[in-house]
Structure formats: C-alpha cells, structure tokens
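Notes follow once the structure below has been shown.
All figures in this text were calculated on a predicted structure; none of them were measured in a lab.
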Amino acid sequence: MLEKIRAASEPSDRGESPDWRKSYSQRLVITDLAVLAWVVFGVQLAWFPDAGLSNSVGVDMKNSPLSYTVLSIGIISSWMLLLSMFDTRSARVLGTGSQEYRLIADSAVRLFGLVAIVAFLFQLDLARGYILLAFPLGIFSLLVSRWIWRQWLGAQRLTGRYSARVLLVGSEESAFRVARELAGQPAAGYLVVGACLPTGQIGAYLDGDRIPVFGNIDKVLEAMAATGADTVMVTSGDLTPERVRELSWSLEPGRQHLVVAPSLTDIGGPRIHTRPVAGLPLIHVETPRYEGRRLFAKRIFDIAASAALILALSPLLAVVAIAVRLSTPGPVLFRQQRVGINGTHFNMLKFRSMVIDAEARLGALQSEERAEGNTVMFKMKNDPRITPMGSFMRRFSIDELPQLLNVFRGSMSLVGPRPPLETEVAKYETHVHRRFLVKPGITGLWQVSGRSNLSWGDTVRLDLYYVENWSAMGDLVILWRTARAVFAKEGAY
C-alpha cells in the first residue's frame with residue numbers, strides 16, 4: 001500500500017537537486033558577491049575617476065599608502081563573511097517574511113561600525129564620500145537582488161519546487177488546519193505531502209484526495225521514505241514530550257528536520273519570543289500595545305506622507321475633480337459617515353463614482369441577493385450604480401485619494417482596517433470590534449491580500465492580524481504592496 005501511495009504522492013518532475021537549500025544558497029553567494037563587487041568598485045571608480053584603481057589611503061601612524069583596491073577587497077570580503085555569519089542565506093528566512101531583509105541591513109550596519117572603529121584606531125584617512133556611498137548603495141543593491149531572487153523562488157514554489165516536503169503528525173483537526181494554512185501560503189516553502197494521524201488509516205486522505213494518510217506516528221519513518229519528505233511537522237500537543245524527543249532522535253541530522261507548530265495563530269513574529277527554561281521551550285507572546293512612541297511615530301508619518309502626497313498629486317486631483325463634475329450630474333466628492341477608532345464616527349471622503357441616487361437603489365440590489373463573496377459588506381462586480389468615470393477610478397483606486405485629507409486631519413491613517421458603515425458594525429460579532437483599537441486606513445492588509453475578492457471571514461482575520469501585530473515596517477510593506485495591487489490585472493470594484 002505504501003508503494004502505491006508513494007507513486008501517487010511524488011511529483012513526476014520535482015525539477016531541483018536533492019539538496020535544493022544548498023544549491024539555492026550557493027546561487028545567493030554568487031549574486032551577493034557580484035552585487036558587492038559592482039557597488040564597491042563602482043563607487044571607488046566614481047569617487048576617484050582620475051586615479052582608477054591605483055589610488056591610496058593615507059595612513060598617518062605608519063606614513064605609508066594603502067591601496068583603495070585592497071581596502072575595497074577587504075570590505076567586500078568582510079561583508080560576505082558577515083552575510084554568512086548572520087544567516088542571511090538560511091532556508092529558514094528565505095522566500096517569505098522580512099527577517100531576511102533585516103539580517104542583511106543588520107550585517108551592513110555592523111560592518112560600517114567596524115570600519116569606522118578600525119579607521120579611528122589606526123588613524124586611516126579614508127575618503128568619507130567613498131564610505132558613505134558604498135554602504136547605502138550596497139544595502140540597497142543587496143535588497144533588490146534578494147527581492148528578485150525571492151520573486152523567482154516564489155514562482156518556483158507555486159509549482160511545488162524548492163520547498164520543504166512536509167509530513168504532518170498530530171490530530172486530524174490540527175493537521176487539517178495546518179495543511180490548509182500552508183496551502184494558502186506556497187511562498188513560505190512548505191509542501192505538505194502526507195500525514196500520520198492517531199486513527200492510523202493507511203490509504204485514507206486528509207484533504208479530499210490531496211494529502212494521503214500513512215498510519216499513526218509509528219509509521220513516520222516509512223512515510224518519509226515513501227514521500228521523500230524531509231520535514232516532520234508536529235501539529236498538536238497530543239504527543240508526549242518523550243515521543244516527540246524520540247521522533248527528533250530518529251531523524252537524520254542535517255537532512256531531515258523537525259518543526260513544531262503551536263496552537264497560536266495570527267501572531268506576528270515581533271510579538272513572539274522563545275526562552276528555554278529548565279529544558280522547556282517556552283514561547284512568550286507579548287500583549288499588543290496601542291500607545292507610546294510607536295503610535296506617535298505612526299501619526300507623524302501619516303501627517304508627513306499625506307501632506308506630501310496631497311501636494312504631489314494636486315494636479316491629478318484637480319483633473320479628476322473636473323472629470324467627475326463634467327461626466328455625470330452630482331457633486332465631485334462623496335461624503336459618507338463611517339465608524340473609526342474607538343467607535344467614533346467621521347465623514348469619509350471619496351470622489352463620487354456612482355449615480356446621485358446610489359444609496360436609494362442599494363436596498364433593491366441587496367434584496368436581489370447580488371452581493372458577491374461577502375455576507376456583511378455589499379460588493380458587486382457589475383454594480384449598475386457605478387458611472388463610467390467611476391469604473392475607471394475604482395479600477396486604479398483613484399476614488400480613494402480624497403481620503404488623504406482624512407489622514408491629514410487625523411480621522412484615518414494611511415494603513416489600517418477598512419472603515420465600516422454603522423449598518424455593518426451592527427452585524428459584527430464581539431471579537432470583530434477589536435478592529436476599532438486602531439485608526440481605519442486608506443489601505444490595509446486585506447486590500448493587498450485579495451482586494452475585493454475575499455470572503456468576510458478572511459477580511460476579518462486579516463484586519464485583526466494587522467491590529468494585533470502592526471508595526472512601522474509592516475505599514476511600509478503594505479504601502480508597497482498596495483502600489484503593486486493597484487496596477488494588478490484584477491482591480492477593485
């Protein structure tokens with residue numbers, strides 16, 4: 001039976017070497033070296049155009065020259081070493097999340113500090129422009145290079161390649177939950193190929209006909225051999241500590257891996273800290289805070305960014321306002337009362353994208369049950385109330401631009417949960433009200449994760465995830481993803 005399941009579960013062409021982690025890391029080494037050599041030597045040639053690669057550094061304490069080429073080679077070598085020491089090419093940080101980028105920036109900052117200390121101790125008369133250009137450009141170029149690699153890796157993982165082949169071990173409910181979450185995030189690099197459940201029904205399937213069951217935990221090693229799995233993921237606490245320890249001992253070091261998935265969900269990395277105490281791997285989960293310097297910094301960023309965008313986009317705003325006014329009868333701006341932070345009400349601004357009597361016609365459309373994909377928010381792909389100009393504006397989210405005024409005045413933020421209508425709030429379950437702990441935003445996590453195509457459950461889950469885990473870096477990532485989503489093939493409606 002295991003032989004038949006092996007044939008069914010293995011892809012016909014995995015397309016990568018047996019140790020894809022090592023080969024991918026080697027590719028990163030080559031591109032990192034090429035990027036750093038291009039940046040550092042390029043800055044040297046740009047800063048000393050007449051001397052080429054023969055310029056020198058004044059060394060006061062020895063009164064002898066040191067070639068900048070030797071210095072550049074030293075910086076490149078040290079930078080490559082720190083990138084390795086900081087595990088920037090580790091499979092655990094590749095493909096998803098921001099840790100890879102943070103480690104690259106941290107390694108560069110440490111190297112910059114090291115160069116400054118060495119220059120001070122040995123009284124090296126370094127050209128400041130050379131140093132101040134090489135490091136920022138190096139960081140930027142490395143991040144761009146890794147981002148390009150990440151896009152390639154994500155495309156490969158959509159086909160099941162360059163991913164850890166995972167065998168789930170735990171209760172049927174927990175294994176199904178983990179399998180569903182991992183299937184929704186293929187870029188994370190975990191491809192579920194089988195499961196071992198307490199029921200031990202060999203030949204059964206966990207998720208339709210996609211994930212075969214290989215028996216109970218006693219069949220783990222056989223199941224790994226049958227599927228080519230290299231990672232065992234424990235999905236529930238049903239196993240005793242002794243059994244988990246024995247399972248880890250049975251795995252081949254360096255080639256097979258053990259991952260424990262706790263029952264925590266929708267918790268961001270910055271809030272999680274592991275601390276081994278008396279042999280127990282304790283997981284500390286910090287309570288989210290909505291006050292202090294982080295909140296102040298978010299408000300300052302909102303004011304500065306909204307003001308800059310209003311000034312930069314003022315010609316576009318004027319053109320759109322004229323187009324809306326001339327295209328159909330009615331006002332240029334549409335004002336609608338929404339619910340904001342702590343349940344307060346405010347008037348949200350938008351360019352009018354519908355006919356004047358849109359609100360009066362809403363009841364008839366709702367009675368026809370034509371709302372699509374959401375049981376609380378009314379959404380319709382071909383809403384007859386939208387004007388031709390409104391359809392174009394919604395396609396590129398231009399109708400949302402007046403909300404920059406809401407951001408500047410403080411009733412909204414650039415990034416946050418969607419501001420709901422009072423009629424929608426009346427349908428909320430109790431836990432959904434946590435959305436009001438932060439200001440609503442022009443864009444948010446759910447908008448960049450599916451725009452108008454998400455179910456109500458997914459919308460709430462993503463909004464609450466943002467509320468529980470928001471950070472300045474996360475806001476910047478969402479803003480960047482928003483720009484990409486706006487120009488994606490599938491727009492909002």
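Under the 3.5 Å distance criterion, with hydrogens and angles disregarded, a donor-acceptor pair is assigned to the side chains of Thr328 and Arg352. Using a 3.5 Å distance cut-off with no hydrogens or angles, the side chains of Arg418 and Thr459 do not pair a donor with an acceptor.
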What's the verdict on side chain to side chain contact (heavy atoms under 4.5 Å, CB included) for Val460 and Glu429, showing C-alpha distance, side-chain angles and the deciding distance? CA-CA 10 Å; Val460 170; Glu429 298 178 66; over 6 Å; no
Step by step, work out the side chain to side chain contact (heavy atoms under 4.5 Å, CB included) result for Arg150 and Glu100. CA-CA 10 Å; Arg150 180 170 288 197; Glu100 177 184 2; 2.7 Å; yes
Check against side chain to side chain contact (heavy atoms under 4.5 Å, CB included), Phe176 and Thr235: CA-CA 9 Å; Phe176 177 78; Thr235 63; over 6 Å; no
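The nearest pair of heavy atoms linking Pro417 to Asp463 is CA-OD1, 3.5 Å. The two residues Pro136 and Ile131 make their nearest non-hydrogen contact at CD-O, 4.2 Å. Between Val192 and Ala179, the shortest heavy-atom distance links the atoms CG2-CA, 4.3 Å. Here the shortest heavy-atom pairing between Pro315 and Leu311 reads CD-O, 4.2 Å. In terms of heavy atoms, Arg157 sits closest to Gly95 at NH1-CA, 3.7 Å. The two residues Pro420 and Phe436 come nearest to each other via the heavy atoms CG-CE2, 3.7 Å.
Looking at heavy atoms from C-beta onward, Arg435 lies in side-chain contact with Tyr428 at the 4.5 angstrom threshold. Taking the side chain as every heavy atom from C-beta outward, Leu401 and Val320 never approach each other to under 4.5 Å. Using a 4.5 Å heavy-atom threshold, the side chains of Leu309 and Val407 count as separate. Residues Phe301 and Leu476 are in side-chain contact: their nearest non-hydrogen atoms beyond the backbone lie under 4.5 Å apart. A 4.5 Å side-chain heavy-atom check between Ser353 and Phe334 finds every atom pair outside the cut-off. Side-chain contact between Leu132 and Phe112: present, with at least one pair of heavy atoms (C-beta onward) separated by less than 4.5 Å. Using a 4.5 Å heavy-atom threshold, the side chains of Met412 and Met348 count as touching. Side-chain contact check for Ile303 versus Phe408: some heavy-atom pair is nearer than 4.5 Å.
With hydrogens and angles ignored, the 3.5 Å screen pairs a side-chain donor or acceptor of Asp302 with a backbone N or O of Leu414. Using a distance-only test at 3.5 Å, with no hydrogens or angles considered, a donor-acceptor pair links the side chain of Thr88 to the main chain of Leu83. Side-chain N or O atoms of Arg27 include none that pairs as donor or acceptor with a backbone N or O of Trp149 at under 3.5 Å. Under a 3.5 Å cut-off, the side chain of Thr482 and the backbone N or O of Ile478 do form a donor-acceptor pair. Arg338 contributes a side-chain N or O that, together with a main-chain N or O of Pro419, makes up a donor-acceptor pair within less than 3.5 Å. Arg161 contributes no side-chain N or O that, together with a main-chain N or O of Gln156, makes up a donor-acceptor pair within less than 3.5 Å. Judged purely by atom type and a 3.5 angstrom limit, Asp230 has no side-chain atom pairing as donor or acceptor with the backbone of His257. At distances below 3.5 Å, at least one donor-acceptor pair connects side-chain atoms of Arg165 with backbone N or O atoms of Thr227. For Tyr190 (side chain) and Thr231 (main-chain N/O), no donor-acceptor pair under 3.5 Å exists by modelled atom type. Put simply, the side chain of Arg294 gets close to the backbone of Trp470: a donor and an acceptor are under 3.5 Å apart.
For Arg110, the CZ atom is loosely surrounded, since the number of other residues' heavy atoms within 6.0 Å does not exceed 12. Residue-environment remark: CD (Gln151) exceeds the threshold of 12 foreign heavy atoms within 6.0 Å. Summarising the local packing, CD of Glu173 is surrounded by 12 or fewer heavy atoms from other residues, nucleotides or ligands at distances under 6.0 Å. Residue-environment remark: CZ (Arg299) exceeds the threshold of 12 foreign heavy atoms within 6.0 Å.
From Arg146, atom CZ reaches atom CG of Leu153 across 11.5 Å, with rounding to the nearest 0.5 Å. In this structure, OG on Ser145 lies 7.5 Å from CG on Leu28, to the nearest 0.5 angstrom. With rounding to the nearest 0.5 Å, the separation of CG in Leu137 from CH2 in Trp38 is 7.5 Å. Rounding to the nearest 0.5 angstrom, the gap separating the CZ atom in Arg92 from the CG atom in Asp87 is 6.0 Å. Interatomic distance, Glu400 CD to Lys350 NZ, rounded to the nearest 0.5 Å: 4.5 Å. The line from CH2 of Trp20 to OG of Ser163 is 6.5 Å long, rounded to the nearest 0.5 Å.
If you look at Phe135 and Trp79, their ring centroids are closer than 6.0 Å.
Cation-pi contact between Arg409 and Phe346: absent, since separation from the ring centre below 6.0 Å together with deviation from the ring axis within 45° is not met.
Using cut-offs of 30° and 60° on the angle between ring planes, the pair Trp152 and Tyr24 is parallel.
The residues Asp32 and Arg89 are annotated as salt-bridged, a charged nitrogen and a carboxylate oxygen being separated by less than 4.0 angstrom.
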